[in-house]
Amino acid sequence: MNMERSPGEHNEEWLLDEPIVRPYVMTRGRTDARGKFDLVTIAVTIRSTTGAEVGLDPEHLTIARLCRRPLSVAEIAAHMDLPAGIVRVLLGDLLEKGFVAVQQPQSETDVLDERTYRAVLDGLRAL
Amino acid sequence: MASGRSEQPKLPKAIKLLVAGGFGVGKTTMVGAVSEIRPLRTEETLTDRSVGVDDLSGVEAKSTTTVAMDFGRITIGDEYMLYLFGTPGQERFWFVWDELARGALGAVVLADTRRLADCFPSVDYFERRGTPFVVAVNCFDGSPRYDLDEVKLALNLGSEVPVLLCDARRRESGKEVLIRLIEHAYSRRPAAAKEVSAR
Ligand SMILES: Nc1nc2c(ncn2[C@@H]2O[C@H](COP(=O)(O)OP(=O)(O)O)[C@@H](O)[C@H]2O)c(=O)[nH]1
Ligand SMILES: [Mg+2]
């Protein structure tokens with residue numbers, strides 16, 4: 001791309017180089033969940049947790065609390081001020097232990113049906 | 001893990017839309033104008049996977065690139081949640097673009113006639129990827145008023161790509177842009193192509 005740009009015009013806002021010790025420790029070094037949850041995969045808590053459960057960290061409990069109503073990975077991450085990748089790992093734990101249910105978004109290969117388009121159009125018009 | 005499947009509650013399904021364009025063109029403004037929630041910000045990190053991630057001793061020395069994205073939400077009944085993501089700065093963050101565009105229903109490319117070239121990379125990206133998109137010219141005060149056909153020509157857009165004027169600050173205007181986008185995506189869906197070719 002051969003675009004003229006004044007240096008420093010943008011990107012600084014987006015680019016932060018920083019060590020990520022805390023998140024790594026929080027997930028015990030696991031970073032593998034990107035393929036499993038999209039930013040808009042929606043999660044909801046289906047079993048309440050008291051914190052007494054073995055193997056749940058405070059962050060797990062926070063997610064379980066937030067997801068009493070359906071929330072996307074991106075929203076959970078924003079509310080907890082954590083990178084989305086960390087939330088994916090923690091959500092994977094909760095899913096595996098049966099505390100949350102998730103709804104994956106439309107996949108690339110699924111063709112949206114006409115009803116979906118119509119519902120979205122009606123919803124937007126009603127805004 | 002699969003044992004609890006039958007009791008899975010019916011959850012709304014997410015639909016992703018993107019708002020792209022050059023820096024300062026009004027992406028965050030538009031997301032905020034149509035969103036039912038205060039726009040939120042989320043971060044993705046790019047880490048070097050070739051470094052052993054289980055080796056905690058190496059973690060402190062490691063650094064990652066973090067990309068932030070603004071997004072908003074529009075709830076459509078209890079069946080769908082529309083998520084609107086402002087794409088992060090162009091060129092350097094394609095890894096996030098690819099993730100955002102995966103499964104996205106479509107994209108709004110915001111253009112500013114004072115700096116039309118700023119939206120070239122977005123247009124290129126969605127054309128190459130086959131993501132349905134519309135171009136919305138954000139009308140800043142004092143920007144030159146081009147004929148929409150001139151914009152279309154300058155951007156070398158296919159004749160089917162909708163180009164419209166908008167005011168990113170106004171909810172009604174943003175709504176209209178999104179409606180045009182959904183209509184366009186609908187006409188471009190694979191099933192629609194089949195219907196046409198079957199005739
Ligand atoms: N006059 C005017 N200003 C706008 C409009 N849209 C955005 N702005 C302003 O332009 C600046 C950049 O907008 P922003 O949404 O942050 O751009 P982004 O970098 O694309 O997210 C902000 O100060 C906005 O208030 C518009 O339609 N008209
Ligand atoms: Mg912005």
Side-chain angles (χ1 to χ4, degrees), chain A residues 1 3-4 9-11 13-21 23-25 28-32 34 38-44 46 70 72-75 77-79 82-85 95-96 98 101-108 110-114 116-117 119-125 127, chain B residues 1 4 7-9 11-16 23 34 40-45 47 49 53-56 59-60 62-68 71 73-74 76-77 79-83 85 88-89 91-93 99-100 102-103 105 117-118 120-121 171 175 178-179 182-183 185-186 189-191:
Chain A
M1 203 67 39
M3 313 241 64
E4 288 209 352
E9 180 194 26
H10 59 80
N11 290 339
E13 184 190 350
W14 308 105
L15 188 67
L16 305 155
D17 289 311
E18 57 183 23
I20 52 161
V21 176
Y24 264 86
V25 171
R28 302 189 178 86
R30 293 165 300 151
T31 59
D32 56 333
R34 182 160 292 179
D38 193 274
L39 275 172
V40 294
T41 295
I42 289 177
V44 73
I46 53 171
S72 64
V73 168
E75 284 167 292
H79 289 311
L82 283 176
L95 181 66
E96 199 180 327
V102 299
Q103 171 71 61
Q104 301 294 353
Q106 206 71 33
S107 87
E108 191 89 348
D110 282 351
V111 176
L112 284 178
D113 60 354
E114 183 168 340
T116 303
Y117 285 98
V120 173
L121 279 175
D122 290 346
L124 284 172
R125 290 196 179 107
L127 267 189
Chain B
M1 183 178 146
E7 50 193 274
Q8 170 144 345
L11 282 174
K13 201 155 197 177
I15 294 173
K16 229 181 339 184
F23 178 76
V34 295
L40 296 173
R41 172 167 279 208
T42 188
E43 288 179 354
E44 283 285 14
T45 46
T47 52
R49 302 291 171 82
V53 291
D54 292 321
D55 180 13
L56 279 174
V59 163
E60 271 163 284
K62 220 170 111 178
S63 74
T64 60
T65 300
T66 301
V67 185
F71 67 98
R73 187 187 72 198
I74 300 170
I76 311 267
E79 248 189 300
Y80 303 101
M81 304 249 252
L82 208 57
Y83 285 97
F85 282 87
E91 285 112 29
R92 288 168 74 178
F93 303 119
E99 177 178 2
L100 287 175
R102 197 181 316 123
L105 188 59
D118 281 6
F120 289 176
R171 184 184 179 85
K175 235 177 84 171
L178 295 183
I179 288 170
I182 305 293
E183 285 172 348
Y186 178 66
R189 78 198 195 285

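Remember, predicted model here, so these are calculated numbers, not experimental data. Throughout, a chain's letter reflects where its sequence line sits, starting with A, and its residues are numbered from 1.
Between the CE atom of B/M81 and the CD atom of A/E75 there is a distance of 5.5 Å, given to the nearest 0.5 Å. Note that OH of A/Y117 and CZ of B/R189 are 6.5 Å apart. Values are rounded to the nearest 0.5 Å. The distance from atom CG of A/L127 to atom CD1 of B/I179, rounded to the nearest 0.5 Å, is 8.0 Å. To the nearest 0.5 Å, the span separating CG on A/L124 from CG on B/L82 amounts to 6.0 Å. Expressed to the nearest 0.5 Å, how far CG of A/L39 lies from CD of B/E99 amounts to 4.5 Å.
With a 4.5 angstrom heavy-atom cutoff, A/T41 does not touch chain B via any of its atoms. Residue B/E79 touches chain A through its side chain alone, counting heavy-atom pairs closer than 4.5 Å. Only the side chain of B/I74 comes within contact range of chain A, judged by heavy atoms closer than 4.5 Å.
Side-chain contact, A/E114 with B/Y186: a donor N or O sits under 3.5 Å from an acceptor N or O.
Between B/T45 and A/P83, the shortest heavy-atom distance links the atoms CG2-CB, 4.1 Å. Of all heavy-atom pairs between A/A78 and B/L40, the closest is CB-CB, 3.8 Å. Here the closest non-hydrogen pair linking B/T42 and A/A84 is OG1-CB, 4.1 Å. Looking at every heavy atom in both residues, B/R102 comes nearest to A/D38 through O-OD2, 4.1 Å.
Among B/L105, B/V34, B/L100, B/I15, the residue with the largest count of heavy-atom pairs under 4.5 Å with chain A is B/L105.
Of the possible polar contacts, one joining the B/K175 side chain to the A/R125 backbone as a donor-acceptor pair under 3.5 Å is found.
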